[in-house]
Structure formats: structure tokens, C-alpha cells
Amino acid sequence: MAKTGGYEGPLEQVAPCQWRIPKTYRADMRVDGLIFADDALIGQIKKDQGPEQVVNVATLPGIQKASLAMPDIHWGYGFCIGGVAATDPEQGGVISPGGVGYDINCGVRLLRTNLEWADIKDRIRPLVDQLFRDIPTGVGQRGAFSFSKPELIRLLGEGVSFVVDKGYGVARDIEFAEAGGRLDGADPGRVSERAILRGADQCGTLGSGNHFLEVQVVDRIVDATAAEVMGLREGQVTVLIHSGSRGLGYQVCDDYLGVFKNAPKKYGFELPDWQLACAPVRSPEGQDYLGAMRAAANYAWCNRQLLTHQAREVFARIFGKPWEALGMDLVYDVAHNIAKFEDHDVGGGVQKQVCVHRKGATRAFPPGHPEIPEAYAQVGQPVIIPGSMGTASWVLAGQPGSMIHSFGTSCHGAGRMMSRTAAIRLAEGRRIDKELDAIGIIARARGHKGLAEEQPAAYKDVDLVVDVVDKVGISKKVARLRPVGVIKG
DNA sequence: ATGTAC
């Protein structure tokens, strides 16, 4: 789909912050489209191809209820980023790599500390410099860890527990990751030789683009009860890690887009966009991709775990105490590019197991849901929303509205508002790192281009995005975090 | 997002 022009089709406001694209808009739509946004955001959203992609996704075989988009929606490969689609395998429902994203199980994790801003402000520069020295960033970078092929195959199958057993973490790191840092059904045998080769020495590296590691300070508590349960308090230092499955996940996505090219003809359906390439969940091709995708997801969790280990070592070195003494516990780790099988109400009180695609969207299970840690049973699953570099991030808690409106899903970030090339143009003659320094954020990156692409002006206002999911009752605001140091690719 | 084109 060409990335030009805005959306000119119907958009009906059906409730506060809910905009419907009726399935009568296009003959090939099987369900409505539904976008969550306020009046200001919907104006920006219409200028982009995102809504048309919501419509395209509504044509997929077996899609249930509606093709959904969160307020951080913007154009992506095939599916929009910020998109949520659930398909029913019993009705020929499909799995689509474009609905997961190239960066399989890209996600974020939040570490808390028992440090306060006053404890670190004199050492923030050496701290960020040391993080930048010790944590590999940038495209194609290799890391400090290298796994043999048999080890990597175990890592792909076992997830976080594999690297924790090697000494790079503790039991809590497993318990406080979505899905325990491991998806069942991972099949390393469905991951190509080339993907394995690319992944062998990249576990424990940050990558490029919007990936980062940030040192932050909690600047506002909105829900005191939930914050206390999550161990968050005003003035506290936190660490946010945003990365995914690196070259391994990219290669898995690319491999299966090729495999799925002939699926529409073979299984008898049509697609409005080649980039929506997909196959029935219940097909050999669909099962192969799911096995490989789960393996790549497990790799991404291991990557964030090894990044955690390295961040803890740097803090220990700079502050002269073991990380345990610095209280660097994992608050939670969420996947925001993934497909999972979950039970949901698909309308009329009918519960079914569906394949939920979340592409740039975060699971947001409510209090009492069996799949969240017992410690969070009363307050709901932590939903971690990174803002753009130089702006705030948010911690929210999943609410019952997510199960009603969005297959247990919330937004995932601020959402890009400007293309990477437009952002580079806007940064001409400027030094983004110096601009950030001037507002109290130490930024270290391998080059100017990455900083230019990720400059705050390229993104929507994360506070407005989070307001929408809070108002709809999908997830509620718990704490706002402001950055003081960031390392990037 | 990505050894930004095998």
C-alpha cells in the first residue's frame, strides 16, 4: 500500500473516544473498524494511511467483532501499528506476520530501584556513559554473549528461564514477565538457519530505531494503591528497556512472508494488500509460522533479560553496591508485537479461543485475570507505555474495559506522527542530543540520524494517547516517568 | 523494525 494521502472514508463517533468505520464502507469488509481516539488525535490519525489499513485488516478470514486500532495508530507494514485483530481458527481464521510486525515480541520492561534522583544526579553522566559503553546499540551490533547453535535452540524453546539458569537473572524475572518470558509451542526447528545465524551473537543488544534504554525518575503518581503494589513512588529512579528480537525476529518475519505468498490462492481467499500475507491458523504454513514466531518471542524475552543483567552490572559498578542492594527488581515486562491464543467474548456472551494479533499494542488484563502475577491480582496487569525520547513514559494497570472493548489490549506508545525521512529533514542543522541536554536529559547514541528520527516532535503527545485508554476504561493511569538519561542505536 | 538491497 502506498504511503500517501490521508483517509477520506466514513468515521462515525459511536461513543466518547470511539470511532467506527462501518463494514458497509467496502464490500470486502467482514467486520467494522473501530479506532479509539479523542477529537484532537482523530484529526491527526485521518492524515495517515492507518485507518485504511484498519479497513484492510477487517477483510481477513475469520476476523471477530471488529478490526481495532489504539490511539497511537499509524501506518505500518500491512497492518497499522497500534492495531489489534482477533481471528477464530474454527472459522478459517488466519495468522499474519504483518499483524505481529517485523520485530517479533518487541516490548518493554520496567525495573525499579531504591535510588532517588538526589542519589544519582551527581553521577548521571558517568552512569549514562557507562551504560552506553557496556550495552551494545545500533544496527547489526554483536553483544557480549554468544550462544552455540545447540544452546540457541534451547534458548528459543525455553525462553527467559534458560538465561536465568545461566546466572543472568533471578526467579522473579521469570514470574514478572508476560507469559513467564516463554510462549508454549515454540518450535526452533521452524526457524531458518539464517535467522539462527543472525541471532547467535545479538542476544543482549539494544538495536536501533525506537529501541532504547532509559534512566527515569517517577514524576507523578496517579493511582497510589496500584503504585504501591508495583513498588513505585514519587522521586524514585527507574530503568526502562525497549527492545525486541533483533535480526533473528526480522529474519523469521521475512522468511514467512515468502512462505505465505501463495496462501490466498491455495486456501481460497483474497487480500486487498500483499503485505497482509497470511495463512489459516489451522494450516501447515500457519502452524510453522506460529512455531517460529513463538521461538523468536522467547528470544526477545531473553534479549531483554540480558539487557537487564548488563544494566544491573553497570548500576552496581557506578554505585558500588550489588544490584540487589539497589533494589533493581523487575516491575513487569510486556510484549507489544505478538500474536497469542486467548479466550475472549466475541459477542453475545460467546467465549472462544481466538488468535489475538497485537502489533504495537499491549496486553492489558484486568484485576483477577488468571494470567497475571498474583502480586498484581488486585490492581491489574502493569501496562508499560514508553513515550518518545525526551518525553514521559507511563505505567498503567489493565482494567475490565479491555476485555469488553479490545480483546484485553491497550496502546503501546506515543505513536509516530512524522515519517523517519520527514524527521531527518526537520533535524537538519540541529543537534538533538544538545537540545535534550538543555532540558536535563543526557542522550548517547551512535549517530545523529537515529536521534533525528526519534526526536520528540516526530511523535504524538503520549499524555493525550494515554488519556484515551484511561477514559475508555481499557487501562488506568498509575505513574508517569520522566527521562533523565537515554542510550540509543 | 532490519547486516535499511543477496
Side-chain angles (χ1 to χ4, degrees), chain A residues 1 3 49-50 53 72-83 96-108 136-143 146 152 191-213 241-258 275-277 289 292-293 295-297 299-301 303-304 307 334-339 357-362 386 388-389 412-425 445-454 458-459 487-489:
Chain A
M1 152 102 25
K3 202 177 162 179
Q49 294 288 298
Q53 293 189 309
D72 48 342
I73 172 178
H74 60 99
W75 183 91
Y77 183 92
F79 285 58
C80 64
I81 292 157
S96 175
V100 171
Y102 262 92
D103 190 3
I104 295 165
N105 189 9
C106 184
V108 278
T137 66
V139 177
Q141 286 301 304
R142 308 197 313 190
S146 187
L152 197 59
V191 178
S192 69
E193 200 67 36
R194 181 190 255 192
I196 286 178
L197 207 63
R198 289 181 71 170
D201 54 9
Q202 285 192 328
C203 210
T205 66
L206 204 51
S208 69
N210 61 1
H211 292 162
F212 62 77
L213 182 147
I241 295 169
H242 181 194
S243 190
S245 48
R246 310 289 286 104
L248 183 141
Y250 178 97
Q251 193 61 49
V252 166
C253 180
D254 217 38
D255 289 342
Y256 283 91
L257 285 168
Q275 294 186 356
L276 293 173
Y289 170 71
M293 182 210 72
Y299 181 92
W301 273 309
N303 185 31
R304 291 196 287 277
L307 290 164
V334 291
H336 58 219
N337 275 13
I338 206 160
H357 298 69
R358 298 192 177 99
K359 182 190 190 174
T362 313
S388 61
M389 171 182 68
H412 92 303
R416 193 165 263 288
M417 193 167 66
M418 190 183 288
S419 72
R420 292 185 181 278
T421 44
I424 289 168
R425 210 175 308 130
R446 293 179 71 85
H448 296 303
K449 188 166 158 249
L451 288 173
E453 289 176 348
E454 297 299 320
Y459 283 84
I487 68 167
K488 294 192 63 70

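Quick note on labels: first sequence line is chain A, next is B, and so on, each numbered from 1.
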Tell me: CD of A:Gln202 to P of B:dT2, nearest whole Å? 8 Å
Looking only at the aromatic ring of each residue, does the gap between the centers of A:His242 and A:His336 stay below 6.0 angstrom? yes
How many Å lie between OH on A:Tyr250 and P on B:dT4, as a whole number? 8 Å
Rounded to whole Å, CG of A:Leu197 lies from C1' of B:dT2 at a distance of 16 Å
How long is the line joining CD of A:Gln275 and C1' of B:dT2, in whole Å? 15 Å
Check the distance between B:dT4's P and A:Arg246's CZ and give it to me in whole angstrom. 12 Å
What's the separation between atom OG in A:Ser146 and atom CD in A:Gln202, rounded to the nearest 0.5 Å? 11.0 Å
Find the distance A:Arg446:CZ to B:dT2:P and express it as a whole number of Å. 13 Å
Tell me, please, which residues at least two apart from A:Tyr459 pass ring-ring contact (aromatic ring centres under 6.0 Å, His included). none
Excluding sequence neighbours, so at least two apart, what forms salt bridge (Lys or Arg N to Asp or Glu O under 4.0 Å) with A:Asp201? A:Arg142
Protein-nucleotide distance (A:Asn105, atom CG; B:dT2, atom C1'), rounded to Å: 17 Å
Could you check whether A:Lys359 gets within reach of a base, just the sugar-phosphate, or nothing at all, counting any heavy atom under 4.0 Å? nothing
Here the distance between atom P of B:dT2 and atom OH of A:Tyr102, to the nearest Å, is 12 Å
Would you say A:Ser208 reaches B:dT4's phosphate, i.e. side-chain N/O to OP1/OP2 under 4.0 Å? no
Give one of base, sugar-phosphate or nothing for A:Gly244, where a contact means two heavy atoms less than 4.0 Å apart. nothing
